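Since the model is a prediction, treat every value here as computed from it, not as a measurement.
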Amino acid sequence: MNVFEVAVAGLLAVGGIWSFARWVRRPFLSTSLRDQVLYAVHLTGRVGLWFAMAGFFLGYGLLEEPQRFGWYVYVPIGLAILQLLSALALGRSRSQ
């Protein structure tokens with residue numbers, strides 16, 4: 001067990017909890033169902049990225065053979081892409 005990676009994972013998990021608590025308090029005032037879904041997808045990508053990075057560091061610190069789980073790098077990349085695309089779609093939205 002590598003203590004540094006586990007500590008970083010803990011900090012990232014706390015960041016994820018803080019991000020969730022911060023964004024869940026912000027109201028989204030659009031009446032469009034499309035915008036509501038895009039906003040939920042955006043927040044899932046935004047908050048999930050914190051937890052995905054925490055999982056990455058936790059796995060790297062606790063697993064004996066972390067190279068077997070190299071596919072996990074695609075999880076944070078996928079969440080970042082999800083966040084980017086939903087932000088672009090929300091920015092192009094015409095509804096108020």
### Message
For the backbone of S30 and the side chain of Q36, can you confirm whether one donor and one acceptor N or O come within less than 3.5 Å of each other?
### Response
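It does hold such a pair.
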### Message
Quick check against the 3.5 Å criterion: does R26 have a side-chain atom that pairs as donor or acceptor with the backbone of R22?
### Response
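Absent.
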Let me check something: do [X] and [Y] share a hydrophobic cluster, defined by ILVMFWY side-chain heavy atoms less than 4.5 Å apart, either directly or through other members?
X	Y	value
V14	V6	no
L79	L38	no
I17	W23	no
F28	L88	no

### Query
Does atom OH of Y72 have more than 12 heavy-atom neighbours, drawn from other residues, nucleotides or ligands, at distances under 6.0 Å?
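Check passes, neighbour count above 12.
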### Query
Does a sphere of radius 6.0 Å around OH in Y74 hold more than 12 heavy atoms from other residues, nucleotides or ligands, not counting ones at 6.0 Å or beyond?
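No, not enclosed.
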### Task
Keeping to residues at least two apart or across chains, list the side-chain hydrogen bond (donor to acceptor under 3.5 Å, both in side chains) pairs with something in residues 5-15.
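Sorted pair list: N2-E5.
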Ignoring hydrogens and angles, write down the donor-acceptor pairs under 3.5 Å from the side chains of residues 39-63, residues two or more places apart or on other chains.
from : atom 1 : to  : atom 2 : distance (Å)
H42  : ND1    : Q83 : O      : 3.3
H42  : ND1    : S86 : OG     : 3.3
T44  : OG1    : A40 : O      : 2.8

